[in-house]
S.K.: 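Mind looking over this structure? Questions follow.
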Amino acid sequence: MSDYNVIVIGGGPAGYVAAIRCAQLGMKTVCIDKWINPEGKSSLGGTCLNVGCIPSKALLDSSHHYTFMQKHAAEHGIQCDNLSIDIAAMQARKADVVKALTQGIGVLFKKNKVTSITGTARLIGNKQVQVTNQDGSQQSLTGDNIIIATGSVAAQIPVAATDNQFIVDSTGALAFDSVPKRLGIIGAGAIGLELGSVWNRLGSQVTILEALPDFLSVVDRKIATLAQRELKKQGLNIQLSASVTAASVNNNEVSVTYKDKTGEQQIVVDKLIVAVGRKPNTTDLGAAEIGIQINQRGFIEVDEHCQTAIPGIYAIGDVIGGAMLAHKGSEEGIMVAERIAGQKSEMSYDTIPWVIYTWPEIAWVGKTEAQLKAEGIKYKVGQFPFAASGRARAHGDTNGMVRMIADAETDRLLGVHIFGISASELIAEAVVAMEFESSSEDLARTIHAHPTLSEAVHEAALGVDGRMIHA
Ligand code: FAD
Ligand code: NAD
């Protein structure tokens, strides 16, 4: 008999959620995670809670409050004289938020009777895992099923190797102890834009170098154009078609050379963030050695139910690629746990919401016009500007719009794209509607409270049929 019904390797949002769901379903479950925080203590939650989603949003919120007080409070009649920032206090608050949430997972594990082990796991056979504990001792565990959820790490580029002092990855950029006067960022993706926004709001002159010619190439073109214009206004200098060829540190400064359409360019910055994507984390996992297929980009290969080539061994989250998002990994964890328990759960990959937490936020679900054109699908679009929303105006944030795309013949919702205040929350309505295979008419006939930002979603739905009331 095995030691456990399920061994979960990795305690990030994919692994810890899978472990809890397995235990809820009555399976004897262990979760092995190796994360050690700067205080030398184990810290569950993986990248997301320790150095990803949560600390970045804590700093985004703090820096947003600062910008509000600096630039917008006076419009509301609120005077904020002698405004100053205490970066140490801001970072201490961020650390408290992280601590509360990472410790919370330990509490959830206890409540659900998940055994938690701090250590590094290695697959040493079919259904057998060796764990190297923090003190170097080893133990071997057997499980009827294994779920690999080892996540990802920041991708590196040889032309700008990180030194954790001047050239840093996202983890370093979340921990700056002062505001860099000049900040360079390689990559205008989610991390580049979010961390660029944080430090720009706090006073850095930010230059972002993006290799691709289009800004946010996967995002709806109208939304991307609006966002690019707004971020430029906020002070982000975003250079497109910019390929970095070298970065070197001299006299406490980083010289970055890049090529763009007009030739070779150079910028000198105090810190450089490398934010060019993330790569799967399978180092020393022993996966390939036991016969698990790993593709050319390093991701573990799985079927549509996240099972690897070995029956009973599954992989979920960033380590299998696709959308490298916390909520995608968590849902895969739930699906796998339920399938191990004999249920027929499925993942809805077509309705995964995406959010980029700039101000205002960018959020979308489903297909863009460009994708639909490429697929030859006929569609109609409704679009409503936040400038015509009473609630957005009362709030003082009228930037952006909601764009809703529906099938031209059936009216079924195909995509919703938002740039605007609270887009991260508003997108949930679109996700539910698409999950239920709603038409735009369904949303148009749904009563939305007044005055709310959600009325902008309602109006965009009316707009699909050319019958908006307020625009
Ligand atoms: P991870 O969170 O990477 O967790 C993997 C865990 O496995 C880690 O604890 C690791 O130490 C452990 N591990 C690895 N190998 C072993 C081993 N051999 N033995 C034991 N343990 C092991 N996503 C969003 O959806 N929204 C956001 O707002 C967002 N913001 C982000 C901001 C930043 C700055 C970054 C870097 C990422 C952000 N992401 C965001 C992405 C998100 O963090 C990841 O998609 C998510 O953490 C992936 O979850 P995971 O469980 O697959 O892997
Ligand atoms: P990303 O893939 O979102 O963006 C990387 C950007 O860097 C791309 O635009 C790419 O074209 C560019 N790039 C790549 N190589 C380059 C080079 N040599 N020179 C210049 N530009 C280059 O990756 P990221 O921003 O590093 O984020 C990593 C992962 O974390 C992503 O998968 C993302 O989904 C996730 N994440 C999500 C959120 C969120 O959901 N809000 C926030 C942060 C991170």
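Model, not experiment: these values are computed from the prediction. Just follow the structure's listing: the first ligand is 1, and inside any ligand the first atom is 1.
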S.K.: Would you say Thr142 and Asp3 are linked by a side-chain donor-acceptor pair, where the criterion is simply a distance under 3.5 Å?
M.R.: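 Their side chains do contain a donor-acceptor pair, which is all the 3.5 Å distance test asks for.
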
S.K.: So for ligand 2, is Ala211 a polar contact partner (N or O within less than 3.5 Å, distance only)?
M.R.: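 Between Ala211 and ligand 2, an N or O pair is found under 3.5 Å apart.
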
S.K.: Looking at atom 45 (O) of ligand 1, what's its closest protein heavy atom, distance included?
M.R.: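 The closest one turns out to be Asp318 OD1, 2.9 Å.
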
S.K.: What protein heavy atom sits nearest atom 19 (N) of ligand 1, and how far away is it?
M.R.: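 The protein heavy atom lying closest is Ala121 N, 2.9 Å.
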
S.K.: For ligand 1, which atoms sit closer than 4.0 Å to a heavy atom of Thr150?
M.R.: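 Once the distances to Thr150 are compared, the set is 5 (C), 7 (O), 14 (C), 15 (N), 16 (C).
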
S.K.: Is the shortest distance from a Lys or Arg side-chain nitrogen in Arg122 or Glu289 to a carboxylate oxygen in the other one below 4.0 Å?
M.R.: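 Counted as a salt bridge, because a side-chain N and a carboxylate O are separated by less than 4.0 Å.
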
S.K.: Tell me the nearest of Gly317, Ser424, Ser330, Pro13 to atom 49 (O) of ligand 1, using heavy-atom distances.
M.R.: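 The option holding the nearest heavy atom is Pro13.
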
S.K.: At under 4.0 Å between heavy atoms, which part of Val159 makes contact with ligand 2: side chain, backbone, both or neither?
M.R.: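 For Val159, there is no contact with ligand 2 at all, from either part.
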
S.K.: Evaluate the ring planes of Tyr16 and Phe109, with Trp represented by its six-membered ring, and classify them as parallel (under 30°), tilted (30 to 60°) or perpendicular (over 60°).
M.R.: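 Correct class here is perpendicular.
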
S.K.: Mark up the atoms of ligand 1 that fall under 4.0 Å of a heavy atom belonging to Gly119, in ascending order.
M.R.: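 Checking each atom against Gly119, I get 19 (N), 20 (C).
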
S.K.: Any idea which atoms of ligand 1 are less than 4.0 Å away from a heavy-atom of Gly46?
M.R.: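 The atoms of ligand 1 under 4.0 Å from a heavy atom of Gly46 are 2 (O), 4 (O), 8 (C), 9 (O).
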
S.K.: Do any N/O atoms on Glu194 end up under 3.5 angstrom from N/O atoms on ligand 2?
M.R.: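 In this structure, Glu194 places an N or O atom under 3.5 Å from an N or O of ligand 2.
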
S.K.: Does Ala275 come within less than 4.0 Å of ligand 2, judged by its heavy atoms?
M.R.: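 Under 4.0 Å: yes for Ala275.
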
